[in-house]
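Just so you know, these numbers use all the heavy atoms, side chains as well, and skip hydrogens, waters and symmetry mates. Being a predicted model, the structure only gives us computed values, none of them experimental.
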Amino acid sequence: MSNTNYRLAHTMMRVLDLEKSIHFYCDILGMQVLRRTDYPGGRFTNAFVGYGPEIEFPALELTHNWDQEVHYDKGNGWGHICIETPDVYKAVEDLEQSGAKIISPAKPMNAGTRILAFIEDPDGYVVELNEKLNLT
């Protein structure tokens, strides 16, 4: 079996308030809703958001269980998602003005050379902002 045709399709995150999450990822971080489906029989909604068509780009699957009333336990295995930006300092400035919660300002990475920052989404998930990786 060959896995050369595999690709990362999406990452699923359970969210408490779907509209707040869509606002955060789309209006603040610039993604777009790619598709959204209600499943009345299962009492949940899936919204896929991302920076381009799912056939080409990975997406985030935001799953909203309609009867969930409290934030989900993140567990100790969860890390973060990462979004690349050309200027982390400017991104943090802009995001803070948009109301994003900054949990670590833009600064050089510990024991590294790249600039990064961390923000938090409405459900407490961590989003890393990182400068684009120069692979040349």
Side-chain angles (χ1 to χ4, degrees):
M1 182 172 125
S2 172
N3 59 5
T4 58
N5 291 325
Y6 288 14
R7 71 176 190 90
L8 178 63
H10 68 265
T11 297
M12 187 274 262
M13 299 164 49
R14 290 181 177 86
V15 301
L16 186 62
D17 184 324
L18 184 58
E19 297 312 315
K20 277 186 181 177
S21 294
I22 287 174
H23 170 72
F24 178 80
Y25 287 102
C26 294
D27 298 335
I28 293 177
L29 290 178
M31 293 182 189
Q32 59 187 334
V33 175
L34 304 172
R35 58 189 167 105
R36 180 179 176 154
T37 308
D38 292 326
Y39 296 90
R43 302 196 45 76
F44 69 96
T45 300
N46 282 342
F48 287 79
V49 299
Y51 289 113
E54 287 179 78
I55 194 85
E56 300 173 39
F57 298 90
L60 287 179
E61 174 188 349
L62 305 175
T63 297
H64 173 241
N65 292 298
W66 301 351
D67 300 318
Q68 184 72 20
E69 296 179 4
V70 297
H71 284 281
Y72 290 95
D73 177 9
K74 306 303 179 285
N76 63 4
W78 170 260
H80 59 266
I81 64 168
C82 180
I83 295 174
E84 289 185 340
T85 178
D87 184 339
V88 178
Y89 292 102
K90 176 75 171 127
V92 167
E93 182 181 310
D94 293 346
L95 292 168
E96 192 167 33
Q97 290 178 7
S98 295
K101 180 179 178 182
I102 310 301
I103 57 176
S104 179
K107 62 185 176 194
M109 177 181 143
N110 288 341
T113 59
R114 296 174 75 195
I115 303 300
L116 50 86
F118 293 90
I119 62 176
E120 191 173 275
D121 86 352
D123 288 279
Y125 292 111
V126 176
V127 177
E128 176 183 340
L129 302 171
N130 204 330
E131 63 185 352
K132 291 189 175 195
L133 185 60
N134 184 357
L135 296 175
T136 58

Worksheet item: In terms of side-chain geometry, is the basic nitrogen of Arg36 or Glu19 positioned less than 4.0 Å from the acidic oxygen of its partner?
Response: yes

Discussion item. Can you give me the closest heavy-atom contact between Arg114 and Lys132, atom names plus distance?
Written reply: NH2-C, 3.9 Å

Worksheet item: Lys74 and Gly124: which non-hydrogen atoms are nearest, and at how many Å?
Response: CE-C, 4.0 Å

Item to complete: Show the numbers, then the answer: is there a side-chain contact (heavy atoms from CB on, under 4.5 Å) between Asn65 and Arg43?
Response: CA-CA 6 Å; Asn65 292 298; Arg43 302 196 45 76; over 6 Å; no

Can you hop from [X] to [Y] via hydrophobic side chains spaced under 4.5 Å?
X: Met12; Y: Leu16; result: no
X: Leu29; Y: Leu116; result: no
X: Phe48; Y: Val15; result: no
X: Phe57; Y: Val49; result: no
X: Leu60; Y: Val126; result: no

Worksheet item: Judged by modelled atom types alone, do Tyr25 and Asp121 share a side-chain donor-acceptor pair under 3.5 Å?
Response: yes

So how far is it from [X] [atom1] to [Y] [atom2], rounded to the nearest 0.5 Å?
X: Glu93; Y: Asp87; atom1: CD; atom2: CG; answer: 9.0 Å
X: Arg14; Y: Glu61; atom1: CZ; atom2: CD; answer: 9.0 Å
X: Phe24; Y: Asp17; atom1: CZ; atom2: CG; answer: 13.5 Å
X: Asn46; Y: Thr63; atom1: CG; atom2: OG1; answer: 4.0 Å
X: Leu129; Y: Ile115; atom1: CG; atom2: CD1; answer: 12.5 Å
X: Asp123; Y: Leu18; atom1: CG; atom2: CG; answer: 9.5 Å

Worksheet item: Counting distance only, does the side-chain N/O of Glu120 pair as donor-acceptor with the main-chain N or O of Pro122 below 3.5 Å?
Response: no

Worksheet item: Does atom NZ of Lys20 have more than 12 heavy-atom neighbours from other groups under 6.0 Å away?
Response: no

Worksheet item: Does Leu8 CG have over 12 foreign heavy atoms under 6.0 Å away?
Response: yes

Worksheet entry | Tyr39 and Phe44 aromatic ring geometry - parallel, tilted or perpendicular at 30°/60° bounds | parallel

Fill in: Heavy-atom check, side chain of Cys26 versus side chain of Val33, under 4.5 Å
yes

